Visitor: 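Pasting a structure here, questions to come.
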Protein chains: 2
Amino acid sequence: MAAAPLTDFSRLCVHTITTKPWSLEQACDNYARAGVTGITVWRDTLEGRDIAAAGRRLMEAGLEIVSMARGGFFPAPDAVGRQNALDDNRRCLDEAAALGAPHIVLVCGAVPGQALAESRRQIAEGIAAILPHARAVKVKLAIEPLHPMFADIRSAINTLKQANDVAAQFDDYVGVAVDTYHTWWDEQLETEIARAGRLGKLFAFHLSDWRTPTVDLLNDRGLMGEGCIPFRQIRGWIEAAGFRGFNEVEIFSNRLWAGDQAAHLVKIREAYLAHV
Amino acid sequence: MAAAPLTDFSRLCVHTITTKPWSLEQACDNYARAGVTGITVWRDTLEGRDIAAAGRRLMEAGLEIVSMARGGFFPAPDAVGRQNALDDNRRCLDEAAALGAPHIVLVCGAVPGQALAESRRQIAEGIAAILPHARAVKVKLAIEPLHPMFADIRSAINTLKQANDVAAQFDDYVGVAVDTYHTWWDEQLETEIARAGRLGKLFAFHLSDWRTPTVDLLNDRGLMGEGCIPFRQIRGWIEAAGFRGFNEVEIFSNRLWAGDQAAHLVKIREAYLAHV
């Protein structure tokens with residue numbers, strides 16, 4: 001069953017990549033002023049900052065820190081590359097802990113020309129390797145399946161079923177992030193959302209729309225309502241699976257980044273009520 | 001098991017879209033001269049021609065007509081649109097019969113904003129409606145699953161499993177076309193190729209590569225070897241499933257169309273032996 005329309009912003013989270021031209025401080029002030037209640041922090045946004053202080057500033061502004069993006073990229077052609085990835089993921093976990101984020105999102109990685117099954121094996125191995133550190137710093141891991149058009153270089157995990165299959169091998173510190181943009185086309189989406197819910201592994205729910213035509217694989221996502229994704233249907237499945245977390249707006253868009261970000265934030269609020 | 005390298009061109013088919021700048025006559029003469037043995041004809045290439053005469057010319061040049069592309073696009077928001085699609089598919093079947101093509105490839109269609117399940121229902125309904133005509137003119141129907149990045153507007157059938165599910169509802173006049181570009185990422189590909197083989201529905205095998213980075217969703221495919229697709233692995237699955245038809249090169253590429261087409265054809269032959 002499709003979800004009923006949202007009537008307030010108590011579960012609206014905005015990912016800082018959505019307003020990429022803004023610094024973390026600008027995002028913090030503008031989100032809070034606009035009544036946004038949650039924030040996900042793109043790791044690059046923290047560059048050169050005292051991370052604990054940045055986290056305090058967000059919380060003092062009334063924003064709940066929903067997650068930090070992103071870790072992952074575990075597969076590599078050689079052991080040195082895979083070890084570097086583990087080191088970087090542990091640093092990412094430390095930063096998330098300092099910030100106060102409950103989980104990091106994992107864009108799991110892939111190596112062009114390496115068999116996808118081998119990359120998935122390396123991903124599971126990488127998660128196993130960093131999991132003790134994740135528990136030590138109390139930051140969970142959310143595996144995000146990426147659209148199959150990113151299977152060459154960004155992730156060998158391209159369906160929620162694959163993400164669930166990996167997450168199911170681990171304890172409650174490993175779950176999944178469901179992004180409408182990456183998963184909307186998948187016939188098994190409803191079933192796998194329900195499975196993630198049963199497993200207690202539904203950590204995050206991300207929103208952006210699929211535009212027609214899409215002119216860039218990476219940075220041409222749409223604001224909700226600009227494309228063809230049935231948000232209320234998918235949110236209905238998410239909520240039926242027991243998810244009560246934030247609805248997180250994460251839009252990579254050269255077009256939207258080029259415009260006025262304050263106006264963009266107003267439209268995000270409108271689209272959230274009208275389409276999510 | 002991966003297939004052994006190919007050592008001759010006895011099963012090399014080239015799709016005329018691969019050398020888009022060439023007329024049908026130029027493609028015919030150049031393919032035959034280069035030792036290509038099969039040809040698939042893009043329907044637009046026939047514009048303004050006596051189709052039966054065009055078919056005779058191809059056969060007299062020693063080319064086997066492998067298929068005609070493309071029918072499909074069954075879904076529409078209203079009955080008039082769906083009826084128009086049926087009429088056009090019947091014309092397409094007539095043209096394929098006149099040409100001498102044993103099957104047409106179906107790019108099945110989708111409507112942005114219409115539920116994918118509803119589009120798939122309309123696709124099955126459309127195939128059922130044109131099937132008597134297909135039998136009458138002795139031209140089969142090959143359902144081609146398209147990459148999920150085309151789920152908005154080109155096809156609601158995005159995995160070989162979905163194509164098999166639809167084909168399995170019909171008799172031996174309905175099968176599937178497996179395109180490496182559209183399906184390489186799919187964890188279920190080997191299983192579903194085997195299933196198509198068991199069902200006697202493996203009608204066609206298309207080749208092009210996935211480049212990193214891919215800069216255009218429609219027209220940035222690669223020559224085999226330019227990307228990350230494991231062709232020998234997939235051809236091994238295809239042949240293990242009993243397929244003995246043509247290995248069909250079908251490359252949509254603004255980059256390759258911009259170059260000299262005779263040199264392009266030389267490289268296709270080289271890539272065929274080196275990578276397929």
Side-chain angles (χ1 to χ4, degrees), chain A residues 2 75 77 110-120 145-163 165-166 181-190 209-222 225-234 275, chain B residues 2 75 77 110-120 145-163 165-166 181-190 209-222 225-234 275:
Chain A
V111 178
Q114 175 166 291
L116 292 172
E118 170 60 16
S119 288
R120 285 191 288 271
L146 255 58
H147 194 284
M149 71 187 177
F150 298 121
D152 56 340
I153 199 163
R154 282 190 175 74
S155 186
I157 294 188
N158 306 106
T159 62
L160 184 54
K161 178 182 183 302
Q162 291 175 329
D165 287 348
V166 174
Y181 188 80
H182 293 301
T183 61
W184 73 277
W185 57 274
D186 183 0
E187 195 175 25
Q188 296 179 288
L189 184 57
E190 181 179 6
D209 213 342
W210 184 281
R211 303 176 76 217
T212 304
T214 292
V215 299
D216 184 89
L217 278 78
L218 264 184
N219 296 321
D220 190 30
R221 303 189 193 181
E226 290 184 336
C228 62
I229 296 181
F231 293 100
R232 292 222 173 112
Q233 176 74 80
I234 299 175
H275 300 288
Chain B
V111 178
Q114 175 167 291
L116 292 172
E118 170 60 17
S119 288
R120 284 192 288 272
L146 255 59
H147 194 284
M149 70 186 177
F150 299 122
D152 55 339
I153 199 164
R154 282 189 175 75
S155 185
I157 294 189
N158 306 106
T159 62
L160 184 54
K161 178 181 184 302
Q162 291 175 329
D165 287 348
V166 175
Y181 189 80
H182 293 301
T183 62
W184 73 277
W185 58 272
D186 182 1
E187 194 175 26
Q188 296 179 289
L189 184 58
E190 180 180 6
D209 213 342
W210 184 281
R211 303 177 75 217
T212 303
T214 292
V215 299
D216 184 89
L217 278 78
L218 264 184
N219 296 321
D220 190 30
R221 303 189 194 180
E226 290 185 335
C228 62
I229 296 181
F231 293 100
R232 291 223 174 111
Q233 177 74 79
I234 299 175
H275 301 287

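None of these values were measured; they are calculated from a predicted model. Numbered from 1 within each chain, the chains take letters A, B, ... in sequence-line order.
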Visitor: Which bit of A/Leu217 is near chain B, if near means a heavy-atom gap under 4.5 Å: side chain, backbone, both or neither?
Guide: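 Both parts, backbone and side chain.
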
Visitor: Under the rule for side-chain contact (heavy atoms from CB on, under 4.5 Å), what residues qualify as partners of A/Pro77, not counting sequence neighbours?
Guide: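 A/Val111.
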
Visitor: Using heavy-atom distances under 4.5 Å, tell me whether B/Arg120 contacts chain A through its side chain, its backbone, both, or neither.
Guide: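 Contact with chain A involves the side chain of B/Arg120 alone.
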
Visitor: Any donor-acceptor pair under 3.5 Å linking the side-chain atoms of B/Trp185 with those of A/Asn158?
Guide: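 No, no side-chain donor-acceptor pair sits under 3.5 Å.
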
Visitor: Looking just at side-chain N and O atoms, do A/Asp152 and B/Thr212 make a donor-acceptor pair shorter than 3.5 Å?
Guide: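 Result is yes, a qualifying pair exists.
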
Visitor: Counting heavy-atom pairs closer than 4.5 Å to chain B, which one of A/Gly113, A/Pro112, A/Pro148 comes out on top?
Guide: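 That would be A/Pro148.
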
Visitor: What residues, two or more places apart in sequence or in another chain, satisfy side-chain contact (heavy atoms from CB on, under 4.5 Å) together with B/Ala110?
Guide: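 With sequence neighbours excluded, B/Ala110 shows a side-chain contact (heavy atoms from CB on, under 4.5 Å) to B/Ala156, given in chain and number order.
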
